[in-house]
Amino acid sequence: MTKHQYLISLAVAGALALGGCSSGDDDEGDDGGDTPPVVTAACADGMDNDSDGLVDLADPGCSDATDDDETDPATAVGTVVGTISDTTSGALVPSAQVRIGDVATATDANGEFQLDDVPVGERVMMDVSAAGYETNMRVLDVLEGQTVMVSASLLPVGTMEMVDPAAGGDVSIAGSSAMVMFDAGEIDSSASEVMVTLTDVDPGSSPDNMPGDFMGMDGDEMAMIESLGAISVNIMDDAGNDVPLSNGAMATIRIPLSTRNANPDPTIPLWSFDESTGLWMREGTAQLVTENGESYYQGEVGHFSYWNADKRLETITLTGCVEDAQGEPVSGVRIKSTGVDYTGTSRARSDSNGVFRIQVRRSSELTLRGELGQAVTNTVVLNSGSSNADITNSCLRFGADNEQPFTIQLTWGEAPRDLDSWLYRPEGGHISYTNRGNLESEPFANLDVDDTSSFGPEVITVVRPRVGTYRYFVDNFSEVEPGISGSPARVELTVNGNARVFTPPTGEQAGSTNYWSVFDITIAEDCSATVTPLTGDVWSTSPPERPVTPDESIPYCGSPVAIR
């Protein structure tokens with residue numbers, strides 16, 4: 001069977017599996033669907049469901065005003081742990097400052113941190129900063145007594161230039177259409193020079209480059225948004241203080257087009273990031289311009305922070321479910337959706353019945369995955385359709401054991417169309433499009449998502465690792481330029497709840513060296529994992545060698561642990 005035939009058979013099987021899903025009826029005939037189906041109150045969602053000022057817990061009375069099994073969010077706390085990495089190189093960032101309200105710490109030599117006694121909340125803002133990087137902010141939901149695993153990436157500042165406020169001037173980044181242009185007197189400073197920093201955020205390559213969570217305020221309405229490009233601009237005096245624009249002044253910005261959307265809008269709203277709320281605020285518009293083969297949005301702004309070329313999403317609601325390996329519902333699971341043909345994310349949490357409701361862009365391709373502590377579900381890719389849908393006939397599912405699960409996600413650009421993920425298993429065999437695996441039985445590893453039409457993602461999940469060394473590599477199946485490094489490809493490994501990012505090194509010869517050896521991950525008997533980035537001769541014309549001799553007798557690590 002050729003790869004093309006193999007993928008067609010999988011697509012047909014997937015279509016049959018989703019064909020039984022019921023969707024919201026559209027009685028009005030407007031293709032918008034009716035009110036989403038009513039589900040059981042979200043007893044374990046850390047929210048105030050009965051509007052009495054207290055956070056509801058997982059008990060039958062969660063939506064009853066007489067319920068006394070609740071928590072005062074003013075005194076309830078949780079824990080946040082994670083890693084901070086450089087989004088362009090994947091290097092872990094030591095000494096990064098991490099702050100949530102009054103709780104602060106710094107990352108250690110491995111880029112890891114832990115924040116204890118973090119106040120609970122649905123939109124808890126985590127601020128991350130480090131010298132030479134743009135500040136990033138993540139929006140978290142923190143529950144009492146629980147640990148939130150989070151990984152944040154930092155963007156290196158694109159350029160720093162001195163500008164004379166009296167004369168004005170342009171600041172640009174070499175190799176990018178990102179630019180900010182000041183007329184004479186637009187910067188409100190009497191100093192002879194101020195420092196201007198400019199960074200191309202490039203959300204199309206990684207949505208996590210964006211601060212916040214793709215939620216914005218359009219007037220008085222909160223809305224989900226889709227990014228088609230973003231930049232960050234800062235103006236500072238010699239003491240590092242922010243310098244504003246002159247009263248009424250409007251500077252011109254250019255935001256490089258960076259999106260998976262094949263049909264970018266010719267005119268798009270501009271949104272600035274509000275660091276106090278973690279929301280994007282709609283302010284002004286920008287026009288799409290293409291010159292010398294590069295496209296960017298150009299508009300005028302009256303102040304500086306992150307600026308985003310965004311459009312509001314037309315959304316539908318998916319009602320899904322999460323189960324353990326025995327088919328029992330799992331509550332409190334964090335569900336994340338990521339766009340495949342658009343740049344945006346959304347999140348939800350499963351209730352006491354394992355049911356979740358999540359808003360996504362209508363008529364779009366997207367992925368869904370669940371996380372609970374260190375445990376992860378399979379990742380599914382689906383098309384959202386034009387109306388609300390019930391997908392509870394096929395729940396997200398945790399594996400049989402979750403001693404040390406890990407996932408690998410491969411993304412890339414528009415070309416080549418097809419990059420492939422391969423994972424050698426220590427006991428023998430591999431995971432790839434030719435042998436997708438299984439999460440519920442041997443080998444407890446699976447290629448959840450295989451993409452053949454640009455961008456990705458390709459996702460491999462391992463829920464029950466063997467003791468020994470796995471090796472991951474990427475194959476340029478298309479065997480065309482710009483190759484793996486020119487695309488560029490990006491690999492994200494999530495293990496123990498923390499993410500590591502890998503980007504291709506130099507040395508690839510597109511059309512010849514079509515294999516990139518990325519990393520080994522070694523699992524010990526106690527399920528601890530050691531990640532070894534591969535260096536040196538990592539490009540090859542044929543599949544790389546295995547790191548160890550296969551041995552089918554080697555055991556799984558640790559002992560079975562139920563996910564509850």
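What you see is a predicted model, and the numbers here were worked out from it, not measured in a lab. Heads up: numbering here begins at 1 and tracks the sequence.
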Contact between [X] and [Y] at the side-chain level, heavy atoms closer than 4.5 Å - yes or no?
X: Val196; Y: Val180; answer: yes
X: Val150; Y: Phe113; answer: yes
X: Ser487; Y: Pro416; answer: yes
X: Val491; Y: Ile408; answer: yes
X: Ser227; Y: Met210; answer: yes
X: Glu371; Y: Met149; answer: no
X: Tyr296; Y: Ile255; answer: no
X: Pro211; Y: Trp280; answer: yes

Which residues share a salt bridge (charged side-chain N to carboxylate O under 4.0 Å, His left out) with Arg334, sequence neighbours left out: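 Partners of Arg334 by the salt bridge (charged side-chain N to carboxylate O under 4.0 Å, His left out) criterion, ordered by chain and then number, come out as Asp141.
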Pairing residues for Asp202 by the salt bridge (charged side-chain N to carboxylate O under 4.0 Å, His left out) criterion, not counting sequence neighbours: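 If we apply the salt bridge (charged side-chain N to carboxylate O under 4.0 Å, His left out) test to Asp202, skipping adjacent residues, there are no hits.
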In terms of side-chain heavy atoms, does [X] have a donor or acceptor partner in [Y] at a distance below 3.5 Å?
X: Thr461; Y: Arg369; answer: no
X: Asp448; Y: Asn446; answer: yes
X: Tyr306; Y: Glu275; answer: no

Can you list, pair by pair, the side-chain donor-acceptor contacts under 3.5 Å of residues 468-480, counting residues two or more places apart and other chains?
from, atom 1, to, atom 2, distance (Å)
Thr469, OG1, Thr522, OG1, 2.8
Tyr470, OH, Arg466, N, 2.8
Arg471, NE, Asp520, OD1, 2.7
Arg471, NH1, Glu545, O, 2.9
Arg471, NH2, Asp520, OD2, 2.9
Tyr472, OH, Ser421, OG, 2.7
Asn476, OD1, Ser478, N, 3.3
Asn476, OD1, Glu479, N, 3.0
Asn476, ND2, Val480, O, 3.2
Ser478, OG, Asp418, N, 3.0
Ser478, OG, Asp418, O, 3.4

Whether Tyr433 and Trp422 hold their rings parallel, tilted or perpendicular, with breakpoints at 30° and 60°: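 Tyr433 and Trp422: perpendicular rings.
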Between [atom1] on residue [X] and [atom2] on residue [Y], distance to nearest 0.5 Å:
X: Arg417; Y: Thr452; atom1: CZ; atom2: OG1; value: 7.0 Å
X: Arg349; Y: Ile358; atom1: CZ; atom2: CD1; value: 12.0 Å
X: Ser350; Y: Leu372; atom1: OG; atom2: CG; value: 7.5 Å

Salt-bridge present (Arg436, Asp450; N to O < 4.0 Å):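 Looking at Arg436 and Asp450, the cut-off is not met.
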Arg260 bridged to Asp451 by N-O distance under 4.0 Å: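 Looking at Arg260 and Asp451, the cut-off is not met.
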Atom of Gly278, atom of Met125 and distance for their closest heavy-atom approach: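 That would be CA-CE, 3.4 Å.
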Atom of Ser205, atom of Arg490 and distance for their closest heavy-atom approach: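 Shortest heavy-atom contact: O-CD, 4.1 Å.
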Spell out, as yes or no, whether a donor-acceptor pair under 3.5 Å connects the side chain of [X] to the backbone of [Y].
X: Gln359; Y: Thr315; answer: no
X: Asn388; Y: Thr317; answer: yes
X: Thr107; Y: Ala96; answer: yes
X: Thr259; Y: Leu228; answer: no

Flag if over 12 foreign heavy atoms under 6.0 Å of CD, Glu294: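 Counting neighbours around CD of Glu294, more than 12 heavy atoms of other residues, nucleotides or ligands fall under 6.0 Å, so yes.
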Gln287 CD: over 12 foreign heavy atoms closer than 6.0 Å: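 Atom CD in Gln287 is crowded, with more than 12 foreign heavy atoms closer than 6.0 Å.
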Stepwise side chain to side chain contact (heavy atoms under 4.5 Å, CB included) check, Leu198 with Glu161: CA-CA 9 Å; Leu198 171 65; Glu161 296 186 23; over 6 Å; no
